[in-house]
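In what follows, a structure is listed as structure tokens, so that the remarks can point back to it.
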Amino acid sequence: MWTGCYIFDVLTTWYDRVVKKTEIDKVNPPKFDKANDMAELTYLNEASVVHNLASRYMADMIYTYSGLFLVAVNPYCSLPIYSHEYISTYKNQSRDGTPPHIYAITDLAFRNMLEMRENQSILVTGESGAGKTENTKKVIQYLAAVTTPTNTTSELGTFEQQILQANPILESFGNSQTVRNNNSSRFGKFIKIGFSRSGQISGAYIDWYLLEKSRVVTQSPLERNYHIFYQLVCGASTSMREKFLLDGKVGDYAYLNSGQRSIPGVSDTDEFKNLMLAFKVMGFSEQEQTDLLRVIAIILHIGNLEIGEERSSGQAKLSQFSQVEKLCHVMGVPVDAFAKALLRPRAKAGRDWVDQSRTQAQVQFSLHALAKVLYERGFAYLVNRINEVLDRDSDGNMFIGVLDIAGFEIFEANSFEQLCINYTNEKLQQFFNHHMFVLEQEEYARENIEWQFIDFGHDLQPTIDLIEKSNPIGIFSCLDEDCVMPRATDKSFTEKLHTLWAKKSDKYKPSLFKQGFRLTHYAAEVDYSTEGWLEKNKDPLNDNITHLLSLSSEPHVAQLFADDAEGDGATRKRKGLFRTVAQRHKEQLTSLMAQLNSTRPHFVRCILPNHEKRPKKMDNVLVLDQLRCNGVLEGIRIARTGFPNRLSFAEFRQRYGILVTQGAGARGTQLARAASTGYVDGQRACSLILDALKLDKSAYRVGITKVFFRAGVLAELEDRREKLVASVITLIQSRARGFLQRRHVNKRLYRADAVQVISRNMAASQTDNPWWKMYVKMQPLLIAQRETVQSMARDGEYRKVVAQLADSESESQKARERARKFETEMKKVQETLESERALAIDNQEILRRSQKREADLEEQLAGALDDLDKLEAQCEELLDAKRKADKEVEMWRGELEKGARIIGRLEGEKSALDKRMEALVADLSAKDDKEGKIHGEMEQL
Ligand SMILES: Nc1ncnc2c1ncn2[C@@H]1O[C@H](COP(=O)(O)OP(=O)(O)OP(=O)(O)O)[C@@H](O)[C@H]1O
């Protein structure tokens with residue numbers, strides 16, 4: 001029964017399991033235990049990859065290379081691997097010379113940027129709680145440390161400190177406690193650190209994506225709202241509380257009391273102090289700090305507004321007027337106007353403006369929408385302010401961008417937000433695939449080198465098209481279209497999607513949900529429920545309120561709603577084209593992808609070891625799932641089978657030719673030496689050098705313009721070269737030192753001879769000469785005088801030059817500043833233009849579809865008109881026939897009447913005849929009677 005099977009004692013769960021022989025993978029020899037790079041494993045299978053990660057993780061080695069990836073497993077405890085000594089260890093070191101670390105990747109990106117003058121990006125992805133944000137912080141910390149001339153982090157320059165201090169501020173406003181992570185970032189960010197040509201940090205810029213604003217108004221029972229709410233309520237000073245009219249505790253605010261109220265081990269009061277400190281380091285003025293926190297207070301007050309219902313009319317009413325007064329005071333708007341805008345907003349009905357009455361649910365909805373938009377706009381303002389502080393002059397225009405964005409999400413109920421994040425991940429995965437697989441293979445093909453093409457089966461384009469394409473109409477376009485259709489609903493939108501895609505794409509299926517669909521993503525199949533999508537995409541706001549807020553007496557609040565300020569509801573127009581949420585997200589993602597495409601990417605995959613946030617515990621199945629989803633396993637395969645390192649012929653000859661010209665000895669051939677120095681064409685020269693270096697043929701390939709190496713080969717060549725260069729330099733140094741010493745000694749000998757000759761001559765001839773004596777006494781004075789005059793002249797000139805330098809420095813500073821401003825403005829205009837263009841294309845597509853539909857409808861109308869004409873002609877005929885029939889009826893009626901009259905007359909005659917006949921019968925019977933009587937009488941007679 002057990003033939004061909006093994007029984008295993010499964011360690012994690014302590015039970016025996018029977019496994020088929022064929023399902024067992026080979027174990028790597030002990031030499032490969034805890035391998036730094038999983039691409040080096042002899043037996044590369046899922047089990048050995050997980051085993052390697054797990055054994056390293058248990059030994060606190062949380063970083064492991066996996067081909068071109070760095071895999072980082074969350075240790076859930078602080079490890080002593082981020083100290084300044086570690087930073088020094090990784091500074092200017094090659095990846096192979098040091099253990100895997102986020103610092104090594106950062107250093108590689110930094111060196112690449114400086115050497116190749118090419119922008120770099122580090123993409124940090126992973127599930128929630130996997131450690132993305134922590135690793136992003138380490139990247140920035142490392143860059144700040146290596147670009148600061150001083151030795152410790154505490155001695156960082158103000159600017160570097162500002163870059164680091166931007167983080168706590170962003171975390172207060174953008175992070176929250178979730179089931180998975182006590183400090184979960186609820187937005188994605190792309191932080192670009194700018195560098196000058198000399199490699200100093202010259203600026204930073206933060207782009208943000210997909211802030212989870214629904215959290216502001218609702219949280220699940222085990223989670224919290226954004227940290228800043230609790231920090232403000234717990235940590236605000238008395239004067240601040242008075243200013244914002246905040247007199248309650250966390251439990252007194254409706255937006256805070258439905259979930260958790262504190263995080264174990266975290267003091268919101270202390271965090272508030274840290275936030276204030278960070279504000280200070282960033283140079284935010286008191287007023288700016290008040291402005292930012294005012295928005296938070298306003299939201300707390302909005303949450304506490306109680307909305308009742310008029311019994312008679314069912315209209316909404318404000319239950320507690322004092323609460324409205326508080327809110328309006330903090331918001332800087334008149335109470336009456338706010339109450340009216342909320343309860344009876346003006347709206348256009350045909351040509352007239354009318355006051356609409358609102359139900360309790362409608363008012364509650366618009367209050368939640370207001371709270372969400374306030375938070376989002378407040379957050380956007382905050383990031384802009386941080387950018388203003390950090391975005392400085394950068395003469396080199398090079399940057400390293402760090403992307404920290406949520407990974408793929410599959411929940412029990414997935415909605416529009418999940419589609420947005422999964423679509424983002426789909427694009428990022430495609431970017432990775434493109435970089436790793438397609439570019440690699442394209443390059444091999446271009447270079448005409450022997451290569452077995454591998455089908456990695458990850459063609460993500462169909463799913464991406466299904467979401468983003470406008471022709472054929474994808475999910476986003478369809479949603480946008482239905483958002484402007486008068487009678488469209490979530491249901492009609494879903495049905496439209498089904499008809500468009502259900503049988504046309506194998507990535508789309510109608511969902512098991514009542515209303516929704518199922519998409520096949522690269523990571524898994526996900527069911528989306530489309531309930532509320534039209535509302536979510538339109539993100540509707542009460543215009544009356546936003547207009548009122550644009551007139552707020554609080555300048556910051558007014559500024560947040562400045563776009564809604566022009567004219568009243570009738571004439572107001574938003575600046576730029578109105579965008580739906582899907583359009584905005586698509587635009588942001590397009591811009592992100594364009595930026596990533598202009599960089600050399602480095603990929604960091606963060607892995608969540610367990611769901612219990614426990615150190616030293618690894619759930620193998622969970623880890624394996626993540627490795628499969630994020631492409632780590634395919635990455636290993638291609639790195640091993642391919643040639644990850646490459647150099648152009650010129651570069652190779654220049655760098656490694658020395659190995660055959662200098663140190664070759666027995667190894668170098670005459671030909672190879674000639675190849676490295678004289679004229680031989682690049683390809684042949686490289687082949688000759690490689691032959692002379694006696695490398696294993698399978699370790700490299702010579703292409704058309706480049707030489708390709710398998711992983712690890714270049715490291716060996718570098719090693720050889722370094723040794724050789726070191727010996728050559730030692731030789732040069734020894735020769736130079738010998739030469740200098742000889743020259744020095746000769747000079748001294750010559751001087752000694754001259755001194756002897758001079759002193760002999762002086763002694764013989766000049767000792768008694770008075771002029772000589774005077775000259776000897778005067779000469780030092782003359783020299784001093786001359787030197788003083790010269791030094792004064794030099795001082796004057798120096799001052800002039802310094803002044804000129806200062807002038808030109810300030811001029812050039814101004815010019816640089818102007819140029820930078822123009823450049824930033826130009827970039828913004830270009831970006832706006834780009835996004836307007838993209839939007840215009842989408843709108844054109846919608847217009848085109850509408851026009852097509854209009855043409856179809858017109859055709860149908862023409863057909864219907866034709867039918868109508870025919871029907872009218874038929875109708876006319878029928879009417880004629882009817883008229884004829886009427887006439888006939890009339891005629892027959894006349895005849896009938898005539899007949900009736902004749903019948904009447906005949907009847908009359910008949911009755912007269914009847915009467916006559918009766919009379920005759922009576923006469924006859926009378927006669928009969930008479931006759932009878934006569935007979936009787938006759939008989940009697
Ligand atoms: N390298 C690390 N050293 C120590 N602790 C870590 C490390 N990485 C992660 N952690 C711990 O894990 C927690 C979650 O990490 P982090 O916030 O970086 O996750 P994330 O992937 O950014 O999650 P989210 O997507 O929810 O923001 C951190 O608060 C920290 O306690």
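Just follow the structure's listing: the first ligand is 1, and inside any ligand the first atom is 1.
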To the nearest 0.1 Å, how far is atom 18 (O) of ligand 1 from its closest protein heavy atom, and which atom is that?
Glu134 N, 2.9 Å
Are the side chain of Asn387 and the backbone N or O of Leu390 linked by a donor-acceptor pair below 3.5 Å?
no
Shortest protein contact, atom 15 (O) of ligand 1 (heavy atom only)
Gly131 CA, 3.6 Å
Give yes if a backbone or side-chain nitrogen or oxygen of Gly129 is under 3.5 Å from a nitrogen or oxygen of ligand 1, and no if not.
yes
Side-chain H-bond candidate by donor/acceptor type, Thr218 with His368, under 3.5 Å
no
Sequence neighbours left out, what passes side-chain contact (heavy atoms from CB on, under 4.5 Å) with His602? Give chain and number order.
Ile105, Leu108, Ala109, Asn112, Gln120, Ile122, Arg600
Measure the distance from atom 27 (O) of ligand 1 to every protein heavy atom, then report the residue, atom name and distance (to 0.1 Å) of the closest one.
Ser185 N, 2.7 Å
Could you tell me whether Asp404 and Lys132 have a side-chain N and a carboxylate O separated by less than 4.0 Å?
no
Could you name each residue pair satisfying salt bridge (Lys or Arg N to Asp or Glu O under 4.0 Å) that touches residues 165-183, not counting sequence neighbours?
Glu127-Arg180, Lys137-Glu171
So if I count the atoms of ligand 1 from 1 in the order they appear, which ones are less than 4.0 Å from some heavy atom of Cys77?
3 (N), 4 (C), 5 (N)
Distance below 4.0 Å between atom 1 (N) of ligand 1 and any protein heavy atom?
yes
What protein heavy atom is closest to atom 6 (C) of ligand 1, reported as residue, atom name and distance in Å?
Asn74 OD1, 3.4 Å
Ser128 N/O under 3.5 Å from ligand 1 N/O
yes
Worked verdict on Glu468 versus Lys586 for salt bridge (charged side-chain N to carboxylate O under 4.0 Å, His left out)
CA-CA 8 Å; Glu468 70 171 19; Lys586 210 168 110 178; over 6 Å; no
Donor on one side chain, acceptor on other, Ser176 and Arg186, under 3.5 Å:
no
Just to be sure I read this right, does ligand 1 sit under 4.0 Å from the backbone of Phe187, its side chain, both, or neither, counting only heavy atoms?
neither
So which heavy atom in the protein is nearest atom 3 (N) of ligand 1, and how far is it from that ligand atom?
Pro75 CG, 3.4 Å
Only heavy atoms of Glu127, strictly under 4.0 Å: list the atoms of ligand 1 that pass.
21 (O)
Mark up the atoms of ligand 1 that fall under 4.0 Å of a heavy atom belonging to Ser184, in ascending order.
24 (P), 26 (O), 27 (O)
Using only heavy-atom distances, determine whether the side chains of Glu417 and Ser214 contain a donor-acceptor pair under 3.5 Å.
no
Checking a contact table here: which protein heavy atom is nearest atom 17 (O) of ligand 1, and how many Å away?
Asn181 ND2, 3.0 Å
Please determine, by modelled atom types, if Tyr528 and Asn422 share a side-chain donor-acceptor pair under 3.5 angstrom.
yes
Numbered atoms of ligand 1 (with element) below 4.0 Å of Asn183, judged on heavy atoms
17 (O)
Under 4.0 Å to a heavy atom of Tyr76 - the qualifying atoms of ligand 1, by number:
12 (O)
Does ligand 1 have any atom that is closer than 4.0 Å to a heavy atom of Ala406?
no
Heavy-atom nearest pair, Ala254 first then Gly303, reads CB-O, 3.2 Å
Can you figure out which of Lys613, Lys132, Glu409 has its heavy atom closest to atom 21 (O) of ligand 1?
Lys132
Donor-acceptor pair between Asn183 and His227 side chains, under 3.5 angstrom
yes
At what distance is the nearest protein heavy atom to atom 22 (O) of ligand 1, and which residue and atom is it?
Thr133 OG1, 2.6 Å
